[in-house]
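To keep things clear, I will list the structure first and then write my remarks on it.
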Amino acid sequence: MLKGKKILIGVCGGIAAYKICELVRELQRENATVRTVLTPGATQFISPLTFESLTGVPAPVDLFKPFLSEIEHIELATWPDLYVIAPATATSIAKFASGIADNLVTATFLATRKDVLIIPAMNTGMWENPATQKNVSLLRKRHISVVEPEYGLMASQLEGKGVGRLPDQPIIVSHIYRKLWQKKELAGVNVTITAGCTREKIDPVRFISNQSSGKMGFALAEVAAAMGANITLIHGPTHLKPPTDVNIVAVETANEMFLATKDNYPTNGILIGAAAVSDFRPDVISEKKIKKENAASVIPLKQNPDILFELKELRKQSVHIGFALETNDEIAYAAKKIASKGLDFIVVNNPSEKGAGFSVNTNKAKILFPDGTIVDLPLMKKIELAVEILKKAMIIHANL
Ligand code: PMT
């Protein structure tokens, strides 16, 4: 997603500064080129040497002792595709709002004409103070993106929980994707995605399920959001954090997933079934925990609704995409699914291939079209596969 992108991170003096090291690494894993610039306050929390070691280039701090160029803040201001300030402290935010350029981070902010993303992190009282709130709203009025800090355990044990935490890394990366995805090709398009597993209760403590983590479906939601779509993400039980600004519907059973998908059917949009839906559920759910001595050795099952099959009927001006999870004869089985579920294409993946299928961050897929065309994709990150899928969906949607 971030291949070839240049990201400058301005690190300010807050305890969350240490979290930026892992952010740098993650952005590099996404193939971005990352540089950092620190306020003098940031060096109280973390050494510039740490960032120099991670990025392989100097992490300048001093406005008057240029490392890389004579007029360092101008060079820094023109270099990146995106200038991310994280953690942004109350003081730095106040300086951004009032145009004070007394260090390299603030001078670069004032000088840059590039896109800026401010990610605040501070004590709850400082965040909620009317002065900070006024500065934040002033910046937003100037169309500068300021991310809301998160609620949670604060640095000081005495403070307990409050608003002001640096958002978790996937949320920051998600904001960065959306900033850097230039064309909003799916602006105004409704996209409904199913993701993860479903759970079918046997009794109050046991269920039938599978290993789907939701990663594939969440990656699709992430990319669709970056492309400007209105997304409804209907997911089964997962430990994943939902992407920001996406309509989330959390469900448990296949039946619930079916009803939610029907309710959120993307008329004139795109429907993607990435969920591993249980095909069957126990015929009867025991109200009490089944005791070993009373347990039957067979659990009678009944069939769940097939979501994509059922929604084929609603389809008029929409694109329908399915997944096929197959361990053998994959193309033949996938071709049958295209026909029976009325799909525009199907993404075939095989969980017995290394790096493919459940829970991992990568996938290896073939995309099969109704006319028999196969696009054989190499092993790639799920987020990259999501880009491939959505680009194809977008072309079909544009030609409806
Ligand atoms: O979540 P991850 O850990 O990232 O794993 C990703 C994944 C392996 C789950 C994903 O890539 C994947 O293959 N999803 C589909 C799994 C599946 O159930 O395949 P299937 O061949 O049984 O189903 C075919 C299609 O029909 C799928 O699009 C499925 O969502 C849909 N289906 C299936 C059953 C059902 N009752 N209703 C459905 O809509």
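Both ligands and their constituent atoms are indexed starting at 1 by order of listing.
For K201, the NZ atom is loosely surrounded, since the number of other residues' heavy atoms within 6.0 Å does not exceed 12. Within a 6.0 Å radius of OH in Y333, no more than 12 heavy atoms belonging to other residues, nucleotides or ligands are found.
Ionic pairing of K288 and D203 is not present here: no N-O contact between side-chain nitrogen and carboxylate oxygen is shorter than 4.0 angstrom. Using a 4.0 Å cut-off between charged side-chain N and carboxylate O, K95 and D102 make a salt bridge.
For T39 (side chain) and A42 (main-chain N/O), a donor-acceptor pair under 3.5 Å exists by modelled atom type.
For ligand 1, residues of the protein lying within 4.0 angstrom by heavy-atom distance are S212, S213, G214, K215, M216, G273, A274, A275, A276, V277, D279, P305, D306, I307, L308, G322, F323, A324, L325, K337, K341, N349, G357, F358, S359, N363, K382.
Checked against the 6.0 Å centroid threshold, Y265 and H320 count as a close aromatic pair.
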